[in-house]
Amino acid sequence: MTAEPMSVLPAATRVPSGLDDVAERLMAQMPQTVAWLEDLVRIPSISVQPEYADDCRRSAERTAQRLRDAGLEDVELLELDGTHPYVTGSWLRAGDDAPTVLLYAHHDVQPVGTPERWSSSPFEPTEREGRLYGRGAADDKAGIMAHVAAIRAWLDTRGTLPVNVKVVIEGEEEIGSPNLERFLDTYGARLRADVIVLTDLTNWKVGWPGLTYALRGMADVVVTVRAMQQPVHSGMWGGVVPDALTATVRLLASLHDDAGAIAVDGFEDDVRALADDERARLEALEGDGEALADDFRDEARLVAGAEFVGDDRRTILERLWMRPTITPTGMDVPAVAAASNTLLAQVRTKLSCRLAPGQDPDRALDALRRHLETNVPWGLEVQVDVGERNRAWVTEPGGGAWDAAVAAMTAAYGREPAAMGCGGSIPFVEPFSDAFGGAPCLLVGVEDPGSNAHGEDESLHLEDFAKACLTEAFLLAELGRDAG
Ligand code: BES
Ligand code: MN
Ligand code: MN
């Protein structure tokens, strides 16, 4: 399939009255927007790997260039010792009565995983069947370009924006924003806004937008189980002396019941219960569950015959969005090829927890620590080290800003957005919203469930991307109207 010119509006789009000029300009600029996105994708801004630090800087500089191209002023890199650069810019000429909107995205990306499993090279953006493939094409360089496209279309047609705009593009979201607190202390006042708009989420389906009102938080824990000073001969001692790996496996197994639901006393105590109307909404989205379950199996690339885990009295969406998880994601043990006939003395395991709305990270992690300390078998030593953590975020799906986003998405996609939760995390949201006096946050979709962000063959659906850009152009008008 050849690339089609995108100067005509998507068939489903219903441009709000008075915005035809902006919408048409945005569509006419779409090929350039996608070309700029491709340029960004070519820069491997992998924040977790130190050898890509220069590329993270290059991607910040290229992002800054695009913010300038869009017509933003005061564009610069914001840095602190030891951080990958953030990028900022603003346009503050809408007047004191107009609200100020902070637009967020991030320019860093995940590592590529297994290069051989990509159909085309991860940093050589490639279009196939209406999708743009490449690392960061969706998460979250598309989010950056949605801001650029909307601002540029407005400033090019009207020379003005309906609201005051500040932009912040983060450079270390994918490593858990470890410097966020310092960043907030240093630059928070300068970024202050009445509303925050984030284009770093997923839509419900292709052509069916999503507006997200809940994010899970995250916490990292390292568990070290120690059986002896050093490995000893497994023939000499095996059968009597306990080894650290068997003990660790038993300890990990105790974290869940047979269905895979969490079995840690107290861990879930603070999880916020679903309100009746919310439960009804989630059930309506889930439908009879079967079709959604089949889609999930496909999208998660699950092996045939695998079952879902967790408390099956809760719907899939509730488990995914509103309940916590505890998952081992790494272990320090000898590799199979290096295994010798010894009883292992010590094993370290990384546990990654997703925290649900309502959970206090410290209280939940205390409960986990108690569980690990009391359930380690055979009197072995266990040490629990808690690392980075950020709390979940949830808001009421309603109110002036929310309604503005619903109107903008409905116009752009020709279909009302689904009110969604998100199983993933964006550390920026909770502390910045909090610092701005509980400012509403609009978490707008750019990805779709087939985007495979973080995985191989990450991709962006290009027609929906145009709709995401239109959404933002319309949203700025809606937010301006609100205040006016
Ligand atoms: N864009 C994602 C968040 C997300 C996840 C949105 C799933 C929609 C669906 C973001 O870039 C991300 O990956 N966040 C990390 C944060 C972590 C490092 C603290 C995550 O969720 O793992
Ligand atoms: Mn992201
Ligand atoms: Mn991500």
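All values below were derived from every heavy atom in this structure, side-chain atoms included, with hydrogens, water molecules and symmetry-related copies excluded. Order of listing sets the numbers, starting from 1, for every ligand and every atom in it.
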Side chains of Glu278 and Tyr213: do they bring a donor and an acceptor to under 3.5 Å?
yes

shortest atom 5 (C) of ligand 1-to-protein heavy-atom contact is with Gly424 CA, 3.7 Å

Could you check atom 14 (N) of ligand 1 against the protein and tell me its nearest heavy-atom contact, residue, atom and distance included?
Ser425 O, 2.8 Å

Any idea which protein heavy atom is nearest atom 1 (N) of ligand 1, and the distance to it?
Asp200 OD1, 2.7 Å

Could you tell me whether ligand 1 has any atom less than 4.0 Å away from a heavy atom of Arg216?
no

For residues Tyr413 and Asn203, is any side-chain donor paired with an opposing acceptor at under 3.5 Å?
yes

For the Mn ion (ligand 2): the N/O/S atom of Asp139 at shortest distance:
OD1

Among protein heavy atoms, which sits nearest to atom 17 (C) of ligand 1, and what does the distance come to when rounded to 0.1 Å?
Met218 SD, 3.5 Å

Return yes when at least one N/O/S atom of His106 is nearer than 2.8 Å to the Mn ion (ligand 3), and no when none is.
no

Return yes when at least one N/O/S atom of Glu174 is nearer than 2.8 Å to the Mn ion (ligand 3), and no when none is.
yes

In this structure, atom 18 (C) of ligand 1 is nearest to the protein heavy atom Gly176 N, 3.6 Å

Any Lys/Arg nitrogen of Arg363 or Asp366 sitting under 4.0 Å from an Asp/Glu carboxylate oxygen of the other?
no

Give me the residue, atom name and distance of the protein heavy atom closest to atom 7 (C) of ligand 1.
Cys422 SG, 3.8 Å

So which protein heavy atom does atom 10 (C) of ligand 1 come closest to, and at what separation?
Glu173 OE2, 3.1 Å

So, does Pro427 sit close enough to ligand 1 that a heavy atom of it is under 4.0 Å from the ligand?
yes

Closer than 4.0 angstrom: is that true for some heavy atom of His454 and an atom of ligand 1?
yes

Of Leu78, Leu77, Thr63, the one forming a side chain to side chain contact (heavy atoms under 4.5 Å, CB included) with Pro85 is Leu77

I'd like to know if the side chain of Glu318 reaches the main chain of Leu282, judged simply by a donor and an acceptor atom lying under 3.5 Å from each other, with no hydrogens or angles considered.
no

the protein heavy atom lying closest to atom 20 (C) of ligand 1 turns out to be Arg354 NH1, 3.4 Å

Can you tell me if Asp200 has an N, O or S atom under 2.8 Å away from the Mn ion (ligand 2)?
yes

